[in-house]
Amino acid sequence: MGALSGVGVGRGIAVAKVLRMPEPLAPPSDEPLAADAGAEHERVREALEGVAHELQARAAAAGGDAQQVLEAAALMAQDPAILDDVRARLDGGANAERATWDAYGAFRDMLTAMGGYMAERATDLDDVAQRVVARLRGVAAPGVPQSDEPFILVARDLAPADTATLDLERTLALVTEEGGPTSHTAILARSKSLPAVVGVVGLLSAVADGQRMIVDARAGTVVLDPDDASVAAALAEGESRAAASSAPITEGALADGTKVPLLANVGSPKDAPAAVALGAEGVGLFRTEFLFLDSSSAPSVEAQTAAYTELLQAFPGKKVVARVLDAGADKPLPFLNDAHEENPALGLRGIRALRATEQILRDQLTALANAQAATEAELWVMAPMIADVEETEYFVGLGRELGLRTVGAMAEVPSIAVVADQVLEVADFVSIGTNDLTQYTLAADRQLGSVAAFQDPWHPAVLRLVGMLGEAGAKAGKPVGVCGEAAADPALAVVLVGLGVTSLSMSASALADVRAELLTVTLDEARERAARAVAALSAAGARAAAAA
């Protein structure tokens with residue numbers, strides 16, 4: 001037997017034979033155009049249209065988060081700017097495949113350079129380009145291999161169109177050589193409750209089609225060519241974990257009875273029924289951007305009030321934490337801030353952008369206060385990217401002025417942890433966004449593949465900042481929650497509680513696994529794991545120390 005390690009997603013175990021994803025298409029040749037440019041332009045247009053229709057059909061079949069991902073990809077295949085760029089390259093003598101390949105490459109480079117939200121969209125362009133070039137060649141686009149038997153899918157990484165439409169009856173687990181805990185593959189695997197291990201160095205050189213493999217997401221390991229005894233033990237352990245995760249829904253708690261409320265991250269009111277069905281005790285992150293994105297003007301107070309009221313009505317008597325608009329140069333909106341910035345992740349975004357256009361913030365807080373008055377939910381409101389006590393005083397003061405009862409700050413910038421005692425004298429609560437906190441702590445753009453290894457919330461530096469916030473919250477007697485992807489990692493959830501975090505919010509699909517994992521430890525044991533993790537020298541070391 002041989003073992004490899006990476007970053008586990010979930011706590012499940014799978015045993016099956018391996019199927020490898022085909023390698024991407026080779027880049028087109030530079031042979032000059034040998035046909036009429038007009039006819040080739042029409043051929044490219046038809047290929048783009050065909051890919052768009054295919055992605056739209058997959059989107060409709062997928063539903064949920066996957067539908068949004070695929071619809072966005074379909075729009076990339078319909079962008080008229082791409083077709084215009086292709087025509088210019090054809091007129092310059094490039095062949096159709098090369099013109100298409102380079103047009104998408106230029107578009108991808110432009111979005112990547114913008115960073116943040118736009119860079120996130122750029123990561124899907126390669127898949128669209130591959131599909132268009134495959135149509136031009138008359139070959140099948142690279143994708144998930146078909147199988148009549150259950151299998152473990154092994155790949156360098158997975159495109160949105162692949163992960164969004166996996167056959168969950170046959171795909172038992174995902175293993176990738178690239179990616180991290182907040183990668184697209186990890187997030188979609190978590191949303192589908194599919195065991196996965198990502199970032200497995202040396203995977204593709206070690207694994208062949210048909211090879212038997214054990215995937216242990218909780219341990220973050222894959223075992224190659226396991227013997228029968230190991231397989232039997234893994235299957236038994238997998239059944240035990242599955243039973244624990246499918247146990248009757250209870251409130252989040254540790255083995256000693258310490259309460260740890262488990263909340264859901266939601267993006268719009270339509271996400272509420274699934275969160276309730278999966279046992280969410282409330283909402284720890286209500287992303288309000290759905291009303292603002294893809295709009296040429298800010299929504300009215302009336303429109304916002306109606307949407308917020310709809311969401312709050314689904315959680316009578318329960319906590320709902322709403323984050324005000326999180327946008328700026330990284331998510332440009334024409335009515336907020338669409339000015340180009342060289343480094344938008346470090347620019348006018350979050351609370352900074354809202355202060356610069358205060359009426360938008362006032363209208364949103366007014367609408368939230370209206371929804372608070374119209375429902376029985378316990379509404380908490382927070383602002384993104386709060387850096388210090390001065391910004392906290394500004395936001396909390398404005399929220400109170402407009403009638404909100406519970407107003408807090410989102411901890412995404414390392415400075416807020418350093419002055420957490422000052423912030424928690426003013427704020428009613430703090431909620432930690434671990435995705436951005438990790439990005440800013442380790443100076444690693446969360447959408448940039450070349451630094452993906454740094455984008456790991458297990459890093460001791462990130463954990464120590466969480467611990468500073470947890471300690472300040474305990475001293476002030478105020479709640480400190482986590483609403484980033486880290487909360488959905490069952491093993492890390494235990495460490496976060498040990499660091500003083502009082503609630504955890506995550507994708508609703510992750511609630512069962514986290515609930516089951518918390519029940520395996522007492523508060524003292526969680527604190528012991530946290531102490532070992534923060535004393536480690538690396539993210540991998542922290543994982544290993546916590547599991548020891």
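Because only heavy atoms are used, hydrogens play no part in the values below, and waters and symmetry mates are left out as well, while side chains stay in.
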Between [X] and [Y] (side chain of the first, backbone of the second, donor and acceptor by atom type, cut-off under 3.5 Å), is there such a pair?
| X | Y | result |
| --- | --- | --- |
| N370 | A373 | no |
| E517 | V494 | no |
| S300 | A303 | yes |
| T375 | L312 | no |
| D271 | G267 | yes |
| S507 | S509 | no |
| R515 | T250 | yes |
| K478 | G473 | no |

Polar side chain donor-acceptor pair, [X] to [Y], under 3.5 angstrom:
| X | Y | result |
| --- | --- | --- |
| Y394 | E358 | yes |
| N435 | Q439 | no |
| Q364 | T288 | yes |
| N265 | S505 | yes |

request  = Carefully, step by step, assess F395 and L361 under the rule side chain to side chain contact (heavy atoms under 4.5 Å, CB included).
outcome  = CA-CA 10 Å; F395 181 70; L361 177 57; 4.1 Å; yes
Distance from [X] atom [atom1] to [Y] atom [atom2], nearest 0.5 Å?
| X | Y | atom1 | atom2 | answer |
| --- | --- | --- | --- | --- |
| M76 | D126 | CE | CG | 10.0 Å |
| L262 | L518 | CG | CG | 6.0 Å |
| E49 | E54 | CD | CD | 13.0 Å |
| D79 | D84 | CG | CG | 9.0 Å |
| T434 | Q455 | OG1 | CD | 8.5 Å |
| E393 | L398 | CD | CG | 13.5 Å |

Could you tell me if the side chain of [Y] sits less than 4.5 Å from the side chain of [X], heavy atoms only?
| X | Y | value |
| --- | --- | --- |
| L48 | Q78 | no |
| V283 | F315 | yes |
| L437 | V466 | yes |
| V324 | V381 | yes |
| L492 | L463 | yes |
| L125 | F107 | yes |
| D326 | M385 | no |
| S431 | W380 | no |

request  = Just do the side chain to side chain contact (heavy atoms under 4.5 Å, CB included) check on M506 and L504 with the steps written out, would you?
outcome  = CA-CA 7 Å; M506 64 207 73; L504 298 164; 3.8 Å; yes
inquiry  = Taking salt bridge (Lys or Arg N to Asp or Glu O under 4.0 Å) as the cut-off, I'd like each qualifying pair that reaches into residues 463-472, sequence neighbours left out, listed once.
reply    = E471-K475
inquiry  = Under the salt bridge (Lys or Arg N to Asp or Glu O under 4.0 Å) definition, can you give me all pairs with a residue in residues 407-432, not counting sequence neighbours?
reply    = R400-D428
request  = Take V430 and V423 through the side chain to side chain contact (heavy atoms under 4.5 Å, CB included) test and state the conclusion after the steps.
outcome  = CA-CA 9 Å; V430 165; V423 168; 4.2 Å; yes
ask   = By side chain to side chain donor-acceptor pair (under 3.5 Å), which residues pair with E390, not counting sequence neighbours?
value = R355
Any idea which heavy atoms bring [X] and [Y] closest together, and the distance?
| X | Y | value |
| --- | --- | --- |
| G408 | A427 | CA-CB, 4.1 Å |
| A314 | A272 | CB-CB, 3.7 Å |
| L465 | P414 | CD1-CB, 4.0 Å |
| M382 | G284 | CE-O, 4.1 Å |
| G279 | I249 | CA-CG2, 3.6 Å |
| A461 | T441 | CB-CG2, 4.0 Å |

Salt-bridge present ([X], [Y]; N to O < 4.0 Å):
| X | Y | result |
| --- | --- | --- |
| K319 | E281 | no |
| E378 | K318 | no |
| D513 | R190 | no |
| R349 | D436 | yes |

Acceptor/donor pairs from residues 251-259 side chains to any protein atom, 3.5 angstrom cut, sequence neighbours excluded:
residue, atom, partner, partner atom, Å
E251, OE1, K259, NZ, 3.4
D256, OD1, T258, N, 3.1
D256, OD1, T258, OG1, 2.8
D256, OD2, L523, N, 2.9

key: Residues which pass salt bridge (Lys or Arg N to Asp or Glu O under 4.0 Å) with E310, listed by chain and number, not counting sequence neighbours   = none
key: Test salt bridge (Lys or Arg N to Asp or Glu O under 4.0 Å) applied to E401 - qualifying residues, sequence neighbours left out   = R362
query = So Y308 and F286, would you call those rings parallel, tilted or perpendicular, with 30° and 60° as cut-offs?
reply = perpendicular
request  = Show the numbers, then the answer: is there a side chain to side chain contact (heavy atoms under 4.5 Å, CB included) between H459 and T438?
outcome  = CA-CA 8 Å; H459 196 285; T438 303; 5.8 Å; no
